[in-house]
Amino acid sequence: EDEQIVAEIMRRRFFPAVLTHKAWEGFHFAGHEIKITEATDCYGAVVWPSALVLCYFLETNSKQYNLVDKNVIEIGAGTGLVSIVASLLGACVTATDLPELLGNLQHNVLQNTKLKCKHQPCAKELSWGVDLEKNFPRSSCHFDYIMAADVVYHHPFLDELLLTFDHLCQNDTVILWAMKFRLDKENQFVGRFQTLFDLEVIFDFPSLNITLYKAMRKGRMQS
């Protein structure tokens, strides 16, 4: 079953028939053809399999996780694929990443959502742990969902990542987090994450070494 679903997820990706001067990949999600411009010189500007897993989950579980009119923030949005799919599914999305990735993120989000979405998504700078209350005040920034795909990979700022999850997550916020397990240091982050949040595995792909988690603040998870 794992390999069958993985094959279905990977079939959502397609490549240009003709090579162009800009690297891009295509994806089929939420009834749309999504064209993602990539940059191969940095981690955050490539679409990783964890993003595909999360997009597939959002599309195929849209009744249980109804995103229509929900406020969604994606941290470490990279190329923006997850944010784009959430927008196409009706969410009001804020896609965030580091300043050096913002230009490509904005380009992808605008190119794939303009005149196609109920709510036009926005791209916003978010450096983990930096000026969180100033840029995302808890009194006015309420998110129904926090989404993250492969944010733990090869990253020296895991303390700041946990701080960011903690700041953005309110009592009724649901975190959907797809993670590929690679290195012990990064795998240990899951344990640290569980000091603040209850964690539930909702999708697991051993063949990809990817797990999709649902999380909420401790004591707030409903069975």
Fill in the blank from the handout: Value for OG (Ser87) from NZ (Lys114), rounded to nearest 0.5 Å, stands at 15.0 Å
Practice task
Look at the side-chain heavy atoms of Ile, Leu, Val, Met, Phe, Trp and Tyr, link any pair under 4.5 Å apart, and say whether Val130 and Leu162 land in one connected group.
Solution key: no
Problem - Val68-Leu88 co-clustered via ILVMFWY side chain contacts under 4.5 Å - result: no
Problem - Working for ring-ring contact (aromatic ring centres under 6.0 Å, His included), residues Tyr145 and Phe143 - result: CA-CA 5 Å; Tyr145 289 94; Phe143 298 106; over 10 Å; no
Handout entry: Audit row: Leu58, Met147, side-chain contact (heavy atoms from CB on, under 4.5 Å) steps and yes/no
Key = CA-CA 10 Å; Leu58 295 175; Met147 297 186 184; 3.7 Å; yes
Exercise for the section: Decide yes or no for Leu126 and Leu168: does some side-chain heavy atom of the first lie under 4.5 Å from some side-chain heavy atom of the second? Expected result: yes
Practice task
Determine yes or no for a side-chain-to-main-chain donor-acceptor pair under 3.5 angstrom, with Glu74 supplying the side chain and Leu81 the backbone.
Solution key: no
Problem - Considering all heavy atoms, the nearest Thr164-Gly129 contact - result: OG1-N, 2.9 Å
Handout entry: Audit row: Thr96, Ile73, side-chain contact (heavy atoms from CB on, under 4.5 Å) steps and yes/no
Key = CA-CA 7 Å; Thr96 71; Ile73 186 168; 3.8 Å; yes
Practice task
Could you note down all residue pairs passing salt bridge (charged side-chain N to carboxylate O under 4.0 Å, His left out) where residues 125-135 supplies at least one of them, sequence neighbours left out?
Solution key: none
Handout entry: Main-chain N/O of Lys70 paired to Asp144 side chain as donor or acceptor, under 3.5 Å
Key = no
Practice task
Test Ile34 against Gln111 for side-chain contact (heavy atoms from CB on, under 4.5 Å), laying out the working first.
Solution key: CA-CA 9 Å; Ile34 300 166; Gln111 175 176 264; over 6 Å; no
Problem - Euclidean distance, Asp97 CG relative to Gln106 CD, rounded to 0.5 Å - result: 11.5 Å
Handout entry: NZ/NE/NH1/NH2 to OD/OE distance under 4.0 Å, Lys218 and Asp198
Key = yes
Practice task
Could you check if a side-chain atom of Trp24 sits within less than 4.5 angstrom of a side-chain atom of Phe15, using non-hydrogen atoms only?
Solution key: no
Fill in the blank from the handout: Nearest heavy-atom contact between Ile175 and Cys169 is CD1-SG, 4.1 Å
Handout entry: Thr113 vs Val109 side-chain heavy atoms within contact, under 4.5 Å
Key = yes
Exercise for the section: Check whether any side-chain heavy atom of Met216 lies under 4.5 Å from a side-chain heavy atom of Thr173, and answer yes or no. Expected result: no
Handout entry: Flag side-chain contact, heavy atom, 4.5 Å: Phe136 against His167
Key = yes
Problem - Sub-6.0 Å ring centroid separation between Trp177 and Phe193 - result: yes
Handout entry: Reported CG-to-CG distance for the pair Asn66 and Asn61, which is rounded to 0.5 angstrom
Key = 12.0 Å
Can you give each donor-acceptor pair under 3.5 Å made by side-chain atoms of residues 208-215, sequence neighbours left out, with the distance rounded to 0.1 Å?
from	atom 1	to	atom 2	distance (Å)
Asn209	ND2	Phe181	O	2.6
Thr211	OG1	Asp204	OD1	2.9

Practice task
Examine distances only and state if a side-chain atom of Arg13 and a backbone atom of Phe27 form a donor-acceptor pair shorter than 3.5 Å.
Solution key: no
Exercise for the section: Please round to the nearest 0.5 Å and tell me the distance separating atom SG of Cys55 and atom CG of Leu89. Expected result: 9.0 Å
Handout entry: Non-hydrogen side-chain atoms of Met10 and Pro49 separated by less than 4.5 Å
Key = yes
Problem - Joint hydrophobic cluster, Phe189 plus Trp128, side-chain heavy atoms closer than 4.5 Å - result: yes
Exercise for the section: Check for a donor-acceptor pair, side chain of Lys124 on one end and backbone N or O of Asn135 on the other, with a separation under 3.5 Å. Expected result: yes
Handout entry: Distance flag, aromatic centroids of His28 and Phe14, threshold under 6.0 Å
Key = yes
Exercise for the section: First locate atom CG of Leu110, then atom SG of Cys122, and finally report the distance between them rounded to the nearest 0.5 Å. Expected result: 12.0 Å
Fill in the blank from the handout: In this structure, CD of Gln170 is separated from CZ of Arg138 (nearest 0.5 Å) by 5.0 Å
Exercise for the section: Step by step, work out the side-chain contact (heavy atoms from CB on, under 4.5 Å) result for Leu158 and Gln188. Expected result: CA-CA 10 Å; Leu158 296 182; Gln188 290 165 8; over 6 Å; no
Handout entry: Heavy-atom closest pair, residues Asp150 and Lys180
Key = OD1-N, 3.3 Å
Practice task
Tell me yes or no: between the side chains of Asn108 and Thr79, is some donor less than 3.5 Å from an acceptor?
Solution key: no
Handout entry: Linked, directly or transitively: Val85 and Ile5 (ILVMFWY side chains, under 4.5 Å)
Key = yes
Handout entry: salt_bridge(Arg217, Asp166) N-O dist < 4.0 Å
Key = yes
Exercise for the section: Would you check if Ile9 and Val53 make a side-chain contact, meaning some heavy-atom pair closer than 4.5 Å? Expected result: yes
Handout entry: Other residues, nucleotides, ligands: >12 heavy atoms within 6.0 Å of Glu3 CD
Key = no
Handout entry: Note: Lys35-Glu25 ion pair, threshold 4.0 Å (strictly below)
Key = no
Exercise for the section: Report yes or no: do Ile75 and Leu163 belong to one cluster of Ile/Leu/Val/Met/Phe/Trp/Tyr joined by side chain heavy-atom distances under 4.5 Å? Expected result: yes
Exercise for the section: Decide yes or no for Ile146 and Leu176: does some side-chain heavy atom of the first lie under 4.5 Å from some side-chain heavy atom of the second? Expected result: no
Exercise for the section: Identify the heavy atoms of His32 and Lys116 that sit nearest to each other, and give their distance. Expected result: CD2-CD, 3.8 Å
Handout entry: Contact summary for Pro99 and Ser127, nearest pair of heavy atoms
Key = CD-OG, 3.9 Å
Exercise for the section: Measure across Leu105 and Gly80 and return the closest heavy-atom pair with its distance rounded to 0.1 Å. Expected result: CD1-CA, 3.4 Å
Handout entry: Exam field: side chain Asp2 to backbone Phe205, donor-acceptor pair closer than 3.5 Å
Key = no
